[in-house]
Participant: 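Once you've had a glance at the structure underneath, I'll fire off some questions.
Lettering follows sequence order; numbering is per chain, from 1. It should be emphasised that the depicted structure is a prediction, and the values quoted were computed from it without experimental measurement.
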Protein chains: 2
Amino acid sequence: MVKERVTVIDIARAAGVSKSTVSLVLQGSSLVNEATRAKVNAAIRDLGYVYNRSAANLRQSTSKIIGIVVNDLTNSFFAELAVGVDAVVQSAGFVQFLANTGEKIERQREVVASMREHGVSGLIVSPARGTEAVDLAPLVESGIPVVLVVRDIAGAAVSSLTSDNHAGAMAAVRHLIERGHQRIAFLGGFPDTAVFEARMRGYRDALTEAGIPVSDALIIGSAPSRAGGVTAVEQAMMLADRPTAALCFNDAVAFGVCDGLRARRLEPGADFAVIGFDDVIEAKTAVPALTTVSVDPQGMGQRAAELLLKQIKAGKAEPEAIVGSVRLVVRQSCGAAVERKREVLA
Amino acid sequence: MVKERVTVIDIARAAGVSKSTVSLVLQGSSLVNEATRAKVNAAIRDLGYVYNRSAANLRQSTSKIIGIVVNDLTNSFFAELAVGVDAVVQSAGFVQFLANTGEKIERQREVVASMREHGVSGLIVSPARGTEAVDLAPLVESGIPVVLVVRDIAGAAVSSLTSDNHAGAMAAVRHLIERGHQRIAFLGGFPDTAVFEARMRGYRDALTEAGIPVSDALIIGSAPSRAGGVTAVEQAMMLADRPTAALCFNDAVAFGVCDGLRARRLEPGADFAVIGFDDVIEAKTAVPALTTVSVDPQGMGQRAAELLLKQIKAGKAEPEAIVGSVRLVVRQSCGAAVERKREVLA
DNA sequence: TGACGAAATTGGAACGTTCCAATTATGAAG
DNA sequence: CTTCATAATTGGAACGTTCCAATTTCGTCA
C-alpha cells in the first residue's frame, strides 16, 4: 500500500529521456523541445509524480518559503495581517511558515531558529514585546532578509514597515476637539511599547496644540484587548472629572470601551465619543460603526510581503524603513450622527 | 559579507571528530561519549552552525513540518483554532505551514499541492465550502495523515474532528423555550454546508420536541460573519410575526445580530434573546456577554494537532471520526438576568 | 557533400545530512 | 597477557534534485 516515491529518474525512464531533461521541464526552461516537454509532462501526470522541494533547495540554496511570526494571532489585526501576507506570498509561489509567539520572547527565539533551520528565504516579524536589536542579530548576520512590521526595533539593521501612529492619533484627537470635547482620555495598550508611545505622543501633541492641558490621569493603560478596554473605561469613569471622549489604543480596546460604556447605561457615540485605531474589518459593521484610524492591516501585510519578496529577489538589499500613511475614517462612534444633526440645523 | 554555510563537516574538523559523530550528537544519541559531545557542541556554538533540515529530511523521509489550511483566517474562530494547533505543534518540535483559502477550492488545491511538495508529514484542514471527497483523494492515497476539522466530508477516508452541532443547537433552543420563547429564529450561515445543516436540524428537533411548529420563514441564512448577522436580523424583524429570540449560526453572526438589534433600539438580552455558537474569546467580555454553545476553538485546534501527531508517529493509522462534545454556556445575551429576577420572586 | 552554429540532450558531480556496516578503543574476566 | 563483550567512532553510500560541461542532433549555407 505504501508506494515508494516517484522521482525524476522514474519520469525520465518513462518518457525515454534523461533526468536532466526532466529537470529542465520542471523548471520551465525554454531549452527543451515542445514534443519532449509534452512527453515528460504526460509521464509526470501518469506516474503521479510530486516534486521534492527539499532535494531541490538542498542543491540550489534558495527555498520558496518565507516565515511570518506574529505576537498575537488571536487579535484580528494580526490575523488580517497574516491573511494579507499569505495572499501575495501564495501568488508568488511561496508558502509561509506561520508562528504565533503570544508575546513570549523565548518562543520567538525558538520559532525563528526553527525557521532558519528550515531554510526560509525571508522573514516577516511582528516582534514580541521587549524584543531587542541583539535578539535579531544572528538573523541579520546570516543575511536573511527581514521585514519588521507594526513594531519597529531601534538599532536593528533591518527593514521595517510601520504606520504613522503619531499623525493618526493627532488627527483623531483633533477631530474630537473640533466636536467640542475637552476632557479626552487615551485608553488601553501597554505603555512600554513603541506603538503606545507614538500614539500617546500624538494624543498629547494634539491636545497642547489646542491649548488643552494634558492630564496624566486620563492616560490609562491596559491589555490591548477587548477585555482591557472594559477595565480601562471603568477606571476612567471613576475619575472625579470624567472624560467625555476617548482615543483608544486599538480597535479591540475601543470595542471593549463601548461594552464598558453600555454596562453603565451610556450609549457610545451619543453619550461618549470613542475612536479606535487599526480599522479592523468589524469596525465598519459594528453598531455604532467605529470611527477609527485606518491602518489597513491586510494591505499592510501585502506591502510587507511585497517588500520582503523584493529584497529576496535582489539578494541583499539595504534596509528601508517605511512608515505607511494613515487616515481617520469617521463613522458613528465619535458622535458623527450628532454632527450631522447639527449640520442640518445650521 | 556573504559567509558560506557551515556544515557538519566543518564542525567535525573543528572538533576533531568525524561527521558521523557530529550527526549523532545532533540527534541526541546516547552512543556518544560525554566529553566528545561537549567538544562538538562547543564547535557548533563557535562556528554558528545552523542545522539544515532540507538535507536531513532528504535522507530520512520524514519532516518536522505539518500543514494547516483554513477556509477563513479572518474569522476569529479559525484564528483561534490555528493558535491551538500552533501551540502543540511547536512544543512537539514541529513547525506549521499555514495557508488561508478564503473558501476558494482552487486555492485550496494549490496550497495542498505546494505543501506536499515541501514534504509535510501531516495536514490539518478545515475544508473550503464545496470540497468533495475526490479533492482529497490524491492526498490520502499518498499516505499522508489528514485530519479534517470543523467540517467533515462524506466519503473521505480520513480522520475528522467535528463538534456535536446537533446536540448543541438543541440545548440552546431548549434553553430558549424554557425561558418562555415561542417564536425563535435561526439566523445566519450558508445553508449548503454540513455544519449549517446539523445546527439547523438541532434547532428544528428541539422545536418539534416542544410541540412548537417550525416556520421556514424564521430560518434565515446569510454570510457567517458579523455583517451577515446584521442583515439576517433585519430580515427577521420585517416579518409580520416577529421572533423574540434567535439561535445564531455562530458567534460572529450573533454579534452582528446584537448590532442590528441596537440599530432598531432593541437591547439584546433584555428585549430579544440571542444565543451564539462557538464561544470565541470575545463572547465572554462582550456586553451583554454572549450566551453561546461552546466548542472551544483553541482546544479543538489542540486536539486536532494531537490526533495528527499521533497518526504521524503511528505511521498509517486508520481514520477515526471524533465528534467533540459541546456545552451551552449561559451568559447575558439570552436574558439570563431576567431569569435570575424570576428566581428571586419565586 | 561538408562544415558549422544553434538547438536539444545528457552524464556525472555536488548539495548536507543520515544510516549502515565496519572498525577501533575500553574495560572486565579468565 | 589473552579474550571478549561493550562502548565509541568512523568512512562511504544514499536521498532527489540542479548545474555544468560535454555531447549529440539538426538545419542551413557554401
Side-chain angles (χ1 to χ4, degrees), chain A residues 2-41 43-44 47-65 93 114 116-121 142, chain B residues 2-41 43-44 47-65 93 114 116-121 142:
Chain A
V2 179
K3 47 174 86 173
E4 49 195 71
R5 246 190 188 299
V6 178
T7 77
V8 276
I9 301 198
D10 300 319
I11 303 297
R13 207 170 355 238
V17 296
S18 78
K19 62 180 168 40
S20 303
T21 304
V22 176
S23 174
L24 254 16
V25 171
L26 287 174
Q27 295 168 78
S29 164
S30 60
L31 282 176
V32 35
N33 184 294
E34 214 38 68
T36 46
R37 181 193 307 280
K39 258 193 310 185
V40 170
N41 280 328
I44 285 177
L47 303 191
Y49 167 75
V50 349
Y51 185 67
N52 184 336
R53 270 179 208 280
S54 286
N57 69 33
L58 172 57
R59 185 65 235 263
Q60 43 169 46
S61 284
T62 159
S63 76
K64 289 288 218 173
I65 306 176
S114 171
R116 275 233 279 166
E117 294 184 351
H118 281 94
V120 296
S121 46
S142 72
Chain B
V2 179
K3 48 174 85 174
E4 49 195 70
R5 248 191 186 299
V6 178
T7 77
V8 277
I9 302 200
D10 300 317
I11 303 297
R13 208 170 354 239
V17 297
S18 78
K19 61 179 168 37
S20 302
T21 305
V22 176
S23 174
L24 255 16
V25 171
L26 287 174
Q27 295 169 77
S29 163
S30 61
L31 284 177
V32 37
N33 185 294
E34 213 39 66
T36 48
R37 179 192 308 280
K39 259 193 309 185
V40 170
N41 280 328
I44 286 178
L47 301 191
Y49 168 75
V50 349
Y51 186 67
N52 184 337
R53 270 180 208 279
S54 287
N57 69 34
L58 172 58
R59 185 66 235 262
Q60 43 169 46
S61 283
T62 159
S63 76
K64 288 288 218 173
I65 307 176
S114 170
R116 275 233 279 165
E117 293 185 350
H118 280 95
V120 296
S121 45
S142 72

Participant: Nearest whole Å is fine: how far is C:dG16 P from B:Ile11 CD1?
Facilitator: 12 Å
Participant: Whole angstrom is fine here: how far is it from CG in A:Leu31 over to C1' in C:dT10?
Facilitator: 13 Å
Participant: B:Asn41 side chain to B:Ala38 main-chain N or O, any donor-acceptor pair under 3.5 Å?
Facilitator: no
Participant: Are OP1 or OP2 of C:dT17 and a side-chain N or O of B:Ser23 less than 4.0 angstrom apart?
Facilitator: no
Participant: Between P on D:dG16 and CG on B:Asn52, what's the gap in Å once rounded to a whole number?
Facilitator: 16 Å
Participant: Nearest nucleotide by nearest heavy atom, which residue falls closer to the 5' end of DNA chain C, B:Gln27 or B:Leu58?
Facilitator: B:Leu58
Participant: Kindly determine whether B:Ser23 and B:Lys19 satisfy side chain to side chain contact (heavy atoms under 4.5 Å, CB included), including the steps that lead there.
Facilitator: CA-CA 6 Å; B:Ser23 174; B:Lys19 61 179 168 37; over 6 Å; no
Participant: When you match B:Arg37 and B:Gln60 each to their closest nucleotide on DNA chain D, which lands nearer the 5' end?
Facilitator: B:Arg37
Participant: Counting side-chain heavy atoms from CB outward, which of D:dT10, D:dT18, C:dT17 is closest to B:Ala55?
Facilitator: C:dT17
Participant: Choose from D:dT18, D:dG16, D:dT10 the nucleotide whose nearest atom is closest to any side-chain atom of B:Ser20.
Facilitator: D:dT10
Participant: Out of C:dC19, D:dA8, C:dT10, which nucleotide sits closest to the side chain of B:Asn33?
Facilitator: D:dA8
Participant: Whole Å only: how far is the NE2 atom of A:His118 from the P atom of C:dG16?
Facilitator: 17 Å
Participant: In whole angstroms, how far is the P atom of C:dT18 from the CG atom of B:Leu26?
Facilitator: 6 Å
Participant: Could you tell me the separation between the CG atom of B:Leu24 and the P atom of D:dT10, rounded to a whole number of Å?
Facilitator: 10 Å
Participant: Take B:Leu24 and B:Val40, measure what side chain to side chain contact (heavy atoms under 4.5 Å, CB included) needs, and give me the verdict at the end.
Facilitator: CA-CA 10 Å; B:Leu24 255 16; B:Val40 170; over 6 Å; no
Participant: What's the closest nucleotide to the A:Tyr49 side chain, out of C:dT9, D:dT9, D:dT17?
Facilitator: D:dT17
Participant: Side chain of B:Lys19 only, please: which of C:dT18, D:dT9, C:dT10 is the nearest?
Facilitator: C:dT18
Participant: Give the rounded distance in Å between these two atoms: NZ of B:Lys39 and P of D:dA8.
Facilitator: 14 Å
Participant: I need the B:Arg53 CZ to B:Ile65 CD1 distance, nearest 0.5 Å.
Facilitator: 8.5 Å
Participant: Touch check for A:Thr36, heavy atoms < 4.0 angstrom, all strands: base, sugar-phosphate only, or nothing?
Facilitator: sugar-phosphate
Participant: Which nucleotide in the set D:dG16, C:dG11, C:dC19 lies at the smallest distance from any side-chain heavy atom of B:Arg59?
Facilitator: C:dC19
Participant: Ignoring the backbone of B:Tyr51, work out which of D:dG16, C:dT17, D:dT10 is nearest its side chain.
Facilitator: C:dT17
Participant: Could you check whether B:Thr7 gets within reach of a base, just the sugar-phosphate, or nothing at all, counting any heavy atom under 4.0 Å?
Facilitator: sugar-phosphate
Participant: Quick one: does any side-chain atom of A:Ser54 pair with a main-chain N or O of B:Leu58 as donor and acceptor, under 3.5 Å?
Facilitator: no
Participant: Which nucleotide wins on minimum distance to the side chain of A:Ser18, given the candidates C:dC15, C:dG11, D:dT17?
Facilitator: C:dG11
Participant: In whole Å, what is the span from the CG atom of B:Asp10 to the C1' atom of C:dC15?
Facilitator: 13 Å
Participant: Could you point out which residue of B:Val17, B:Thr21, B:Val22 forms a side-chain contact (heavy atoms from CB on, under 4.5 Å) with B:Ile11?
Facilitator: B:Val22
